[in-house]
Amino acid sequence: MLPEDLDPPDPRVGILTWLVVGLLVAGFGACIAKGANNPSDPELGESRLPGFGEIGIRIVPAATATGLTPTEECALLAATEKQRARGLMEVTDLKGYPGMVFRYPADSTGAYYMRNTPTPLSIAWFAADGSFVSSADMAPCEDRSDCPTYGATGPYRVAFEVPQGDLAALGIGPGSKLEVTGACPRT
């Protein structure tokens, strides 16, 4: 029996409560099914190298490359100005990644250097449409201000650094393309 001064509960409140709880449970289930730790924006995903993201790439070898087919890889990602400035400085282990992608929001012509980078690297630059621009081998340089610089032969939107000599094995050279695909391919 209810006291006279209290109104009986409104049945709509109970329905609304169950609706909210149901939506929360459905949202949580969708998060689990989709993968809360695999965001669609790869810049938000953490890589095995702290301070950088990871991104899927597709490498399409030049038509003249014999025996090579397009491959999909998961590379380190340097997409912010701070990440691009840091690059592979002081890195001796790529933690299983084939290399690091440096992505720019607009065409760039800036040169790269190897200051405080102990690992010999090769770099390839790619235009906005993914076509190969040029490449260079880069020698390690200690932490000093007179390290040599390495520049592309034309504007580029993406640069890809790999351990020195690995570009050819990946099918990267004149006539090849590099496509940024977004999320890393599942293995």
Side-chain angles (χ1 to χ4, degrees), residues 39-65 68-91 94-95 97-117 119-141 143-185:
S40 61
D41 183 351
E43 292 177 23
L44 299 176
E46 283 296 314
S47 70
R48 295 182 294 269
L49 190 63
F52 295 97
E54 60 180 26
I55 194 159
I57 57 172
R58 179 178 163 90
I59 300 167
V60 181
T64 57
L68 295 177
T69 59
T71 58
E72 291 191 12
E73 303 282 345
C74 182
L76 290 163
L77 174 64
T80 67
E81 188 175 331
K82 181 179 176 183
Q83 290 170 332
R84 290 189 298 265
R86 177 84 181 146
L88 292 173
M89 286 181 177
E90 300 176 340
V91 173
L94 292 176
K95 308 283 187 195
Y97 295 101
M100 180 176 280
V101 169
F102 294 77
R103 189 171 63 179
Y104 295 84
D107 285 350
S108 181
T109 56
Y112 281 66
Y113 65 96
M114 294 282 288
R115 183 176 185 168
N116 207 15
T117 305
T119 305
L121 299 173
S122 295
I123 186 170
W125 293 276
F126 297 89
D129 68 355
S131 61
F132 178 85
V133 173
S134 62
S135 65
D137 287 334
M138 303 185 298
C141 188
D143 189 8
R144 52 180 223 256
S145 61
D146 64 340
C147 293
T149 58
Y150 305 87
T153 60
Y156 59 90
R157 190 70 61 95
V158 171
F160 186 40
E161 287 184 345
V162 300
Q164 196 166 97
D166 284 2
L167 290 176
L170 289 166
I172 296 174
S176 65
K177 291 188 97 173
L178 185 138
E179 302 166 358
V180 176
T181 60
C184 284

Once rounded to the nearest 0.5 Å, what's the spacing between atom [atom1] of [X] and atom [atom2] of [Y]?
X    : Y    : atom1 : atom2 : value
L178 : W125 : CG    : CH2   : 14.0 Å
I57  : F160 : CD1   : CZ    : 3.5 Å
Y150 : E161 : OH    : CD    : 11.0 Å
R48  : L94  : CZ    : CG    : 10.0 Å

Within a strict 4.5 Å, meaning less than it, do heavy atoms of the [X] and [Y] side chains meet?
X    : Y    : result
L121 : Y112 : no
E72  : C184 : no
P140 : T117 : no
L49  : V91  : yes
I123 : F102 : no
F126 : F132 : yes
I172 : S135 : no
E54  : L77  : no

**side-chain hydrogen bond (donor to acceptor under 3.5 Å, both in side chains): pairs with one or both residues in residues 169-180, sequence neighbours excluded** =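 Not a single pair qualifies under side-chain hydrogen bond (donor to acceptor under 3.5 Å, both in side chains).
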Considering all heavy atoms of both residues, which atom of [X] and which atom of [Y] are nearest to each other, and what is their separation?
X    : Y    : answer
Q83  : G51  : NE2-O, 3.0 Å
Y113 : P148 : CB-O, 3.5 Å
R157 : A106 : NE-C, 3.3 Å
M89  : R115 : CG-O, 3.4 Å
M100 : L88  : CE-CD2, 3.6 Å
P98  : P163 : O-CD, 3.4 Å

**Aromatic plane relationship, Y156 with Y104 - under 30° parallel, 30 to 60° tilted, over 60° perpendicular** =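 Answer is perpendicular, since the angle exceeds 60°.
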Heavy-atom donor-acceptor pair, [X] side chain to [Y] backbone, under 3.5 Å:
X    : Y    : result
R84  : R103 : yes
T181 : G56  : yes
S134 : T153 : yes
Y97  : V162 : no
S122 : G165 : yes

**Asked** Mind checking what makes side chain to side chain contact (heavy atoms under 4.5 Å, CB included) contact with T109, not counting sequence neighbours?
**Response**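 T109 satisfies side chain to side chain contact (heavy atoms under 4.5 Å, CB included) with P155 only.
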